[in-house]
Protein chains: 2
Amino acid sequence: MAETGGDLPEPPVRPARRAATMADVAQAIGVSHQTVSRVLNDPGSVSPETTSRVLQAIGELGYRRNRAARALATRRSQTIGVVSFDTTLYGPASTLFGIEQAAGEAGYAVTVASVKAMTEGSLREAIDRLAMHDVDGIVLIAPLRDTSTVLPVLDPDLPAVVVEGGRAPGLASVCVDQELGARLVTRHLLDRGARTVWHVAGPADWIEAESRVAGWRDELAEAGAEVPAPLRGDWSPPSGYQAGRKLARRKDVGAVFVANDQMALGLLRAFHEAGLRIPEDVLVAGFDDVPEAGYYTPPLTTVRQDFAAVGRRSIELVLEQVAAGRAAARHQVVAPELVVRQSTSR
Amino acid sequence: MAETGGDLPEPPVRPARRAATMADVAQAIGVSHQTVSRVLNDPGSVSPETTSRVLQAIGELGYRRNRAARALATRRSQTIGVVSFDTTLYGPASTLFGIEQAAGEAGYAVTVASVKAMTEGSLREAIDRLAMHDVDGIVLIAPLRDTSTVLPVLDPDLPAVVVEGGRAPGLASVCVDQELGARLVTRHLLDRGARTVWHVAGPADWIEAESRVAGWRDELAEAGAEVPAPLRGDWSPPSGYQAGRKLARRKDVGAVFVANDQMALGLLRAFHEAGLRIPEDVLVAGFDDVPEAGYYTPPLTTVRQDFAAVGRRSIELVLEQVAAGRAAARHQVVAPELVVRQSTSR
DNA sequence: GACCGTGATGTTAGCGGTAACATCGCCGGA
DNA sequence: TCCGGCGATGTTACCGCTAACATCACGGTC
């Protein structure tokens, strides 16, 4: 996309004083700037005596690398771009935190572009904003089932990892094993005496939601239990509340698996208002293990996702591609963990 | 702080092909690269005919600005650094989201450095990581009362804004009016018939916590009500739970103002376990208005903070300083809003 | 007709670094 | 003793852009 005048802000006033450069360090001790560069980047190629003189001068002059110059010379920015859906939600916020920690440890900066809707248009706009900052790679937290919105907006030459998304040809990806998590919690509810398990699912176009539906459905089928039609939510507490009101009107609901903890909270609210006791009357379980889940009324059984591990793995994969100079369609899966609390303990 | 060899990752393989440059665009239509630069940065200084030829060539060649070169030439990176405490918490995550949106609209990238503890050491490390990326300004989400940990780590020449922090000489800042929020909710509880209001406060060294204590205390004093000693939490649900257990043992607790919604959730849990009914037996209110607060059992009265506005104001202030080339110790206050729900409706 | 000012565009240099090629001295082998 | 190789360091050029200075043509005024 071409930029035109007016898109960027006016370059502001230059800083009052400039920092020491390699040329300054070199001149101070009578070596070439190339020698200073070698000390920092290829230390074995400089004699120990010269190396220590250079390091001392660096310390005395307060020299600090100039990222812009290095990026220009190497054509690399040491920056990873992250495109994410709503980062005030616990899952994306936690994944982003993990990404930022892992990137920092690898010496990379993280630039974030958030999108409000996972449409091709808003993804393209976010990726264009990142491309303007010459990121070396992209981590795309795009939990959509349909990767047809993702592939057209990615530059095939730019290293990329999709997190919690569908398997796309040629793309690396990291995800938590959603189906396994759903199976674990469904099995748990059946083991606690439920004849079948109702399900409040996430949005139909989210691959996480679909995987959880698949895991719940498969586990029920394998147990020979009836498979009721799932209800649909949008991850928010109000949508869980509405689903809870519907389920509360039925007489045959003994257990509910809710696709995330926030909707589970809404559902608990609705059941409470309808006079249902958890877990005496209905077993309830969620997914995610948000920090508050242990303090719901009652404390919620849930499936814990290791978002920090997801963040670390995605940085590992994207930097592997950056270092190799080419894409690598590797796929990594992080295991979930069932956390049993009072909402299923009767 | 001087960098030495080994601190940065090995510069990776260069991209396979290089993007079009201004020189390419210029050569394609027979003008100078300076003319191309003028079209993008000073459009009024080039004739309309030449301007349209340049823009067409830019589109055809897929020219995209090179940020590193421009940063080197102007000594500006168009990047704002954000230092924040735990960005998986709702407040910091929401503020960060607001900052990222506002910066994007102003044509700036945001680079984030998260810290786990608000100590001088970890703040310095985070700011050093940002300085390595030559940020043009810093937004420091540092809700500590004692700015003595903040001032030593900030470069006086680097534009900075402190968010939710103490007033420090020479620093710009943005905050929500915490005292006002605390007064509003305390007044509300008194108006609902409480003879006095107990308080579960945040950590003693957080300025938000102290401001909320001050607002609660002042409102009680003005109402001629007894001022009980506040209990201390650390913002987490478990700490609210412990406070709730202590309060539940007393016979004289008719209303509690909890310093955030997560601790309020824990306190509600403890009261429930002790057989106390909210709001029949005790009125309970929180602070923040997290999205789940409306679905607590019962739905929680709380004080809503406009984190998005905080984010926008902080970007406005930091970019004002960047443009002016000097610090401006302006201070902006965002008003809170009382949200009344069932936990105080009897 | 000459001269001066101004708008439009071109030329040159530098921002701070890395990479490629050059130079020099020393050491070992013939 | 001479020559070649290699380690350590220096020199030059370039990365892509902006800024400062230069050039040219045209129009207006004297």
Side-chain angles (χ1 to χ4, degrees), chain A residues 3 5 8-15 17-54 58 61-78 132-134, chain B residues 3 5 7-15 17-27 29-54 58 61-78 132-134:
Chain A
E3 284 178 13
L8 287 180
E10 189 82 7
V13 177
R14 278 182 169 181
R17 57 180 174 75
R18 74 167 181 76
T21 66
M22 281 182 181
D24 298 325
V25 175
Q27 190 180 31
I29 59 169
V31 297
S32 73
H33 63 278
Q34 186 54 40
T35 295
V36 178
S37 179
R38 287 192 182 101
V39 167
L40 294 177
N41 300 315
D42 187 19
S45 67
V46 180
S47 75
E49 180 190 55
T50 303
T51 297
S52 68
R53 287 172 61 223
V54 167
I58 284 179
L61 293 173
Y63 167 81
R64 178 193 300 280
R65 287 181 192 270
N66 185 308
R67 289 284 185 145
R70 190 163 199 262
L72 186 56
T74 61
R75 294 223 204 110
R76 288 294 183 187
S77 65
Q78 314 297 140
M132 281 171 63
H133 299 294
D134 296 319
Chain B
E3 285 177 12
D7 279 359
L8 287 179
E10 190 82 8
V13 177
R14 277 182 171 183
R17 55 181 174 75
R18 77 168 179 75
T21 66
M22 281 184 180
D24 297 325
V25 175
Q27 189 180 31
I29 59 170
V31 296
S32 73
H33 62 277
Q34 186 56 40
T35 295
V36 178
S37 179
R38 288 192 180 102
V39 167
L40 293 176
N41 299 314
D42 189 19
S45 67
V46 180
S47 75
E49 180 191 56
T50 303
T51 296
S52 67
R53 289 171 60 223
V54 167
I58 283 178
L61 293 173
Y63 167 80
R64 178 193 299 280
R65 288 182 190 271
N66 185 307
R67 289 283 186 148
R70 190 162 198 262
L72 186 55
T74 61
R75 295 223 205 107
R76 289 294 184 186
S77 65
Q78 315 298 139
M132 281 171 65
H133 299 292
D134 296 322

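Chain identifiers are assigned alphabetically (A, B, ...) following the order of the sequence lines, protein sequences preceding nucleic acid strands; residue numbering begins at 1 within each chain.
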**Student:** Return the nearest nucleotide to the side chain of Arg75(A); candidates are dT18(C), dT18(D), dG16(D).
**Tutor:** dG16(D)
**Student:** State, to 0.1 Å, how close Ala28(A) and Leu61(A) come at their nearest heavy-atom pair, and which atoms those are.
**Tutor:** CB-CD1, 4.0 Å
**Student:** Give the rounded distance in Å between these two atoms: CG of Asn66(A) and C1' of dC15(C).
**Tutor:** 8 Å
**Student:** Would you write out the dot-bracket form of DNA chain C, 5' to 3', with Watson-Crick and G-U pairs under 3.5 Å, [ ] for crossing pairs, | for pairs to other strands and . for unpaired bases?
**Tutor:** ||||||||||||||||||||||||||||||
**Student:** Take Val54(B) and Val46(B), measure what side chain to side chain contact (heavy atoms under 4.5 Å, CB included) needs, and give me the verdict at the end.
**Tutor:** CA-CA 10 Å; Val54(B) 167; Val46(B) 180; 5.8 Å; no
**Student:** Taking all heavy atoms of Asn41(B) and all of Arg70(B), pick out the closest pair and write down the distance.
**Tutor:** OD1-NH2, 3.4 Å
**Student:** Around atom CD of Gln34(B), are there more than 12 heavy atoms of other residues, nucleotides or ligands at under 6.0 Å?
**Tutor:** yes
**Student:** State, to 0.1 Å, how close Ala71(A) and Ser77(A) come at their nearest heavy-atom pair, and which atoms those are.
**Tutor:** CB-CA, 4.0 Å
**Student:** Heavy atoms only: give me the nearest Leu72(A)-Ala69(B) pair and the separation to one decimal.
**Tutor:** CD1-CB, 3.7 Å
**Student:** For Ile58(A) and dG17(C), give me the distance from atom CD1 to atom C1', rounded to whole Å.
**Tutor:** 13 Å
**Student:** According to a strict under-4.0 Å criterion, is Arg76(B) in side-chain N/O contact with OP1 or OP2 of dA19(D)?
**Tutor:** no
**Student:** For the pair made of CG in Leu40(B) and P in dT18(D), what is the distance, rounded to whole Å?
**Tutor:** 7 Å
**Student:** With sequence neighbours excluded, give me every salt bridge (charged side-chain N to carboxylate O under 4.0 Å, His left out) pair touching residues 32-46 of chain A.
**Tutor:** none
**Student:** Please tell me which of Met22(B) and Ser45(A) maps to the more 5' nucleotide of DNA chain D, matching each residue to the nucleotide holding its nearest heavy atom.
**Tutor:** Ser45(A)
**Student:** Has the side chain of Arg38(A) got a donor or acceptor atom sitting under 3.5 Å from an opposite partner on the base of dG10(D)?
**Tutor:** yes
**Student:** Quick one: Leu72(B) CG to dA13(C) P, roughly how many Å, whole number?
**Tutor:** 18 Å
**Student:** Near DNA chain D, under 4.0 Å by heavy atom, which residues of residues 27-37 of chain A?
**Tutor:** Gly30(A), Val31(A), Ser32(A), His33(A), Gln34(A), Thr35(A)
**Student:** Taking 4.0 Å as the cut-off, does a side-chain nitrogen or oxygen of Asn41(B) come that near to OP1 or OP2 on dT18(D)?
**Tutor:** yes
**Student:** To the nearest Å, give me how far apart CZ (Arg70(A)) and P (dC17(D)) are.
**Tutor:** 20 Å
**Student:** Establish, with yes or no, whether the OP1 or OP2 oxygen of dT9(D) is under 4.0 angstrom from a side-chain nitrogen or oxygen of Ser47(A).
**Tutor:** yes
**Student:** Starting from P on dC15(C), measure out to CZ on Arg65(A) and report it in whole angstrom.
**Tutor:** 20 Å
**Student:** Under the criterion side chain to side chain contact (heavy atoms under 4.5 Å, CB included), I'd like the reasoning laid out for Leu40(A) against Ile58(A): C-alpha separation, chi angles, the key distance, then a yes or no.
**Tutor:** CA-CA 10 Å; Leu40(A) 294 177; Ile58(A) 284 179; 3.8 Å; yes
**Student:** Can you figure out which of dC15(D), dT18(C), dT18(D) approaches the side chain of Thr74(B) most closely?
**Tutor:** dT18(D)
**Student:** First locate atom CG of Asp134(B), then atom CZ of Arg65(A), and finally report the distance between them rounded to the nearest 0.5 Å.
**Tutor:** 12.0 Å
**Student:** I need the CG-P distance between Asp134(B) and dG16(C), as an integer number of Å.
**Tutor:** 11 Å
